[in-house]
Peer 1: 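Mind having a look at this structure? Questions to follow.
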Protein chains: 2
Amino acid sequence: MPGRSGPDRADLIADAWQREQPGVPVGSIGVLTRIHQAAKLLADQRRRALTGIGMDAATLDLLSTLRRSGPPYRLSTRELTARCLVTAGAITQRVDRAEREGLVRRLATTPGSRTVPVELTDRGHRAVGDAVSELLAYEQTLLDDLDPAEQEELARLLALFLRGLHDRAGG
Amino acid sequence: MPGRSGPDRADLIADAWQREQPGVPVGSIGVLTRIHQAAKLLADQRRRALTGIGMDAATLDLLSTLRRSGPPYRLSTRELTARCLVTAGAITQRVDRAEREGLVRRLATTPGSRTVPVELTDRGHRAVGDAVSELLAYEQTLLDDLDPAEQEELARLLALFLRGLHDRAGG
DNA sequence: CCACAGACGTTTAGCGCTAAACGAGGAGTG
DNA sequence: CACTCCTCGTTTAGCGCTAAACGTCTGTGG
């Protein structure tokens, strides 16, 4: 059976709208619904994987962002807000939690500035290293169904889509 | 400048890991990080668009699922759980909220069964029709940066990815 | 020198979700 | 009939987020 591929969830949704409310523009469903679904399934799997090692996605996002920035592993709240794609309030809360667990620390604001630097502690540095290498190794396996050319093409099209989306949102 | 496309967020993240922790498997980032980002930006835009018309994404998901199922616009909690990709507890809460606003109603369980049917009210039927046609028309514009062939290819690759993901998760 | 605007960060109210405990009602087996 | 299992749905505790209100500090212009 070459090309065995029945309709999936997104196909069924588009068909159902077509049937129930003809004329409704269903063109976006093929892409957008599948992106939502994939993100949801990935987030669910990631949560379960991280729970097993005593970590959560929000904290890991914070620690990873600091870790990736390179020495001295220190960024202002403002920079964290921009890089993590969440509101400033969310960063305050993430840092509160991580600080309570000794993974990061807030530094005093230098005079003549209002920025609050947040720095990775040694404990945080160790935690993020372990979690990231484990997580990335695991997530690599989720792409096994696509051959390298398909992975590259998918990444390319997503980047193209994101570029437009980002322009529309941020300016 | 043909093919003008500097590195995007995902590229920078992969490069940073490569530089900071050589040997870490960054192959999944090109696809997975972009899916996360796209879903986040789409969810943010959808929330703002729906707030403007007094709706929210969770309620719309519930109402849409009932509406798409066709007459008599009625599904059990169990079916809603399966179709909406959220836990049973979340469905209870969604139905509670929507029932409070008169958009759906719970029906009595038929003897010999434990299922609780949830049914769209006339008010819910009207609300979902308005919201969906408006939302789909708007979201269509988010895909303008991709030509039809690219949209189709992106949808195809996402479907392929989702198939594997779903098999891994659900059995 | 004072007023005022703007940037930065925090606080708070409220939303929606998950996970786990719970209850209640069949269905199967001895 | 009694017992156990299982399914369906609800409840609850707690997490993480957004949006908006709120300080607070910095720089700028009158």
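The figures that follow rest on heavy atoms only: side chains count, while hydrogens, waters and symmetry mates do not.
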Peer 1: Below 4.0 angstrom, N of the basic side chain to O of the carboxylate: do Arg123(A) and Glu101(A) qualify?
Peer 2: no
Peer 1: Under 4.0 Å, heavy atoms only, any strand: does Asp44(A) hit a base, just the sugar-phosphate, or nothing?
Peer 2: nothing
Peer 1: Compare side-chain N and O positions of Thr87(A) against OP1 and OP2 of dT18(D) and report whether any pair is under 4.0 Å apart.
Peer 2: yes
Peer 1: Does dC17(C) have its OP1 or OP2 closer than 4.0 Å to a side-chain nitrogen or oxygen of Arg97(B)?
Peer 2: yes
Peer 1: Report the nucleotide, chosen from dT12(D), dG6(C), dG9(D), that has the shortest atom-to-atom distance to any side-chain atom of Gln93(B).
Peer 2: dT12(D)
Peer 1: Look at the side chain of Val86(B) and decide which nucleotide, out of dT11(D), dA19(C), dC17(C), has an atom nearest to it.
Peer 2: dC17(C)
Peer 1: Could you give the CG-to-C1' distance, from Leu80(A) to dC8(C), as a whole number of Å?
Peer 2: 13 Å
Peer 1: Within this structure, what is the CG-to-C1' distance between Asp96(B) and dT12(D), rounded to whole angstrom?
Peer 2: 13 Å
Peer 1: Once you round it to whole Å, what is the distance between P of dG9(D) and CZ of Arg94(B)?
Peer 2: 16 Å
Peer 1: For Lys40(A) and dT18(C), is the shortest distance between a side-chain N/O and OP1 or OP2 below 4.0 Å?
Peer 2: yes
Peer 1: Roughly, in whole Å, what's the span from CG in Leu60(B) to P in dG16(C)?
Peer 2: 12 Å
Peer 1: Salt-bridged, Arg105(A) to Glu99(A), with N to O below 4.0 Å?
Peer 2: no
Peer 1: Does the side chain of Asp61(A) come under 3.5 Å of the side chain of Ser64(A) through a donor N or O and an acceptor N or O?
Peer 2: no
Peer 1: Nearest of dT10(C), dT10(D), dA19(C) to any side-chain atom of Ala88(A)?
Peer 2: dT10(C)
Peer 1: Of the nucleotides dT11(D), dT11(C), dG16(D), which has the atom closest to the Thr92(B) side chain?
Peer 2: dT11(D)
Peer 1: Give me each pair satisfying side-chain hydrogen bond (donor to acceptor under 3.5 Å, both in side chains) with a member in residues 142-156 of chain A, each pair once, sequence neighbours excluded.
Peer 2: Asp145(A)-Arg168(B), Glu153(A)-Arg156(A)
Peer 1: Using whole Å, what does the distance between atom P of nucleotide dT12(C) and atom CD1 of Ile91(A) come to?
Peer 2: 19 Å
Peer 1: Choose from dG9(C), dT18(D), dG9(D) the nucleotide whose nearest atom is closest to any side-chain atom of Ala90(A).
Peer 2: dT18(D)
Peer 1: Between Ala57(A) and Arg114(A), which is nearer to the 5' end of DNA chain D once each is assigned its nearest nucleotide?
Peer 2: Ala57(A)
Peer 1: Any salt bridge (Lys or Arg N to Asp or Glu O under 4.0 Å) involving residues 23-44 of chain B? Give me the pairs, sequence neighbours left out, ordered by first then second residue.
Peer 2: Asp8(B)-Arg34(B), Asp11(B)-Arg34(B), Lys40(B)-Asp44(B), Asp44(B)-Arg47(B)
Peer 1: Side chain of Thr115(A) only, heavy atoms from C-beta on: which candidate in dA19(C), dG9(C), dG16(C) is closest?
Peer 2: dG9(C)
Peer 1: Could you check how far CG of Leu41(A) sits from P of dC17(C), rounded to whole Å?
Peer 2: 15 Å
Peer 1: Round to the nearest Å and state the distance from Leu107(A) atom CG to dC8(C) atom P.
Peer 2: 18 Å
Peer 1: Taking the basic N atoms (NZ, or NE/NH1/NH2) and the acidic carboxylate oxygens, is any pair closer than 4.0 Å for Glu139(B) and Arg46(B)?
Peer 2: yes
Peer 1: Picking from dC17(D), dA19(C), dT10(D), which would you name as closest to the side chain of Arg47(A)?
Peer 2: dA19(C)
Peer 1: Could you tell me whether the phosphate oxygens of dT10(D), OP1 or OP2, come under 4.0 Å of any side-chain nitrogen or oxygen in Arg106(B)?
Peer 2: yes
Peer 1: Nearest whole angstrom, please: distance from the P of dT26(D) to the CZ of Arg78(A).
Peer 2: 17 Å
